[in-house]
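Written out below as structure tokens is the structure these notes cover.
Below, all heavy atoms of this structure are taken into account, side chains as well, without hydrogens, waters or symmetry copies. First listed ligand is number 1; within each ligand, the first listed atom is number 1. These numbers come from a predicted model, not from an experiment.
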Amino acid sequence: MSLDLGVLISGRGSNLGAILDAIGDGRLDARVRLVVSNRADAGGLDRAARAGVPTRVLSHRDHADRPSYDAALVAALREAGAHFVALAGFMRLLGPTFLDAFPHRVLNIHPSLLPAFPGVDAQAQALAYGSRVTGCTVHLVDAGTDTGPIVAQAAVPILPGDDHDALAARVLAREHDLLVRALEWFAEGRVEVTPAADPGGRARVVVRGAHTWFGLAGGVD
Ligand code: GRF
């Protein structure tokens, strides 16, 4: 099953680049049907254009409220033939208008081991807290901020003397690998979502035949 992907970005687009590279070298059975940025100056738009992928800029500022912005995103993605969505550094929250259009088919990459350090600048939060370990999480998106069911996590050490850029670079390298792996699992049809067992509980994601956590040494250690 090939994935028809829409990728939403707000900035540099290195995770988008990792997806395009994986498709290009045959590791990921997918096509990026559309890249949408909410910012016209996002570097990822150039990366997409170089790969021959269609791009759109849709600014939340041009829409009266979240539902109308979400509806515009959905329309653009559907028109382009996207059936699965990856948030790759997309800095806007998505509401039910968007999420109901792609049920259990919106994936996010976040640079911490959730539920620690949700929201903006997770690396700064981890450094400020004095954590010794952080990492990255791929999860399905729900209506909260970085709260959806976890698909996979990778741990990354925080070393003495790390500044923000050093830590962010170490985490980012793992993000690229983890996001591509997770997309491969979806493309291979190995991902099952189990609804919450009781009201207020959490949905679970099971990936058949895959290690879904990666330790400090890089592998499943
Ligand atoms: C990544 O750290 C991602 O986890 C976070 O925003 C950053 C985006 O980086 N949500 P890039 O645009 O993919 O290079």
Tell me if the [atom1] atom of [X] is crowded by more than 12 foreign heavy atoms within 6.0 Å.
X	atom1	value
Arg132	CZ	no
Arg39	CZ	no
Arg31	CZ	no

Within the structure provided, determine whether Phe186 and Leu107 are in side-chain contact (heavy-atom separation under 4.5 Å).
yes

Would you check if Arg47 and Leu20 make a side-chain contact, meaning some heavy-atom pair closer than 4.5 Å?
yes

Around [atom], find the nearest protein heavy atom and jot down its residue, atom name and distance.
atom	result
atom 2 (O) of ligand 1	Glu175 OE2, 2.9 Å
atom 11 (P) of ligand 1	Ser14 N, 3.4 Å
atom 10 (N) of ligand 1	Ile109 O, 3.4 Å

Would you call Ile9 a ligand 1 contact, heavy-atom distance under 4.0 Å?
no

Compute the minimum heavy-atom distance from Pro111 to ligand 1 and say whether it is under 4.0 Å.
yes

Describe, in one word, how the ring planes of Tyr69 and Phe90 are oriented to each other, choosing from parallel (under 30°), tilted (30 to 60°) and perpendicular (over 60°).
parallel

Is it the case that one hydrophobic cluster holds both Leu99 and Val151, taking links as side-chain heavy atoms less than 4.5 Å apart, direct or via other members?
no

If you measure every N or O of [X] against every N or O of ligand 1, does any of those distances drop under 3.5 Å?
X	result
Met91	no
Leu16	no
Arg12	yes

Nearest non-hydrogen atom to atom 12 (O) of ligand 1 belongs to which of Gly13, Gly89, Gly11?
Gly13

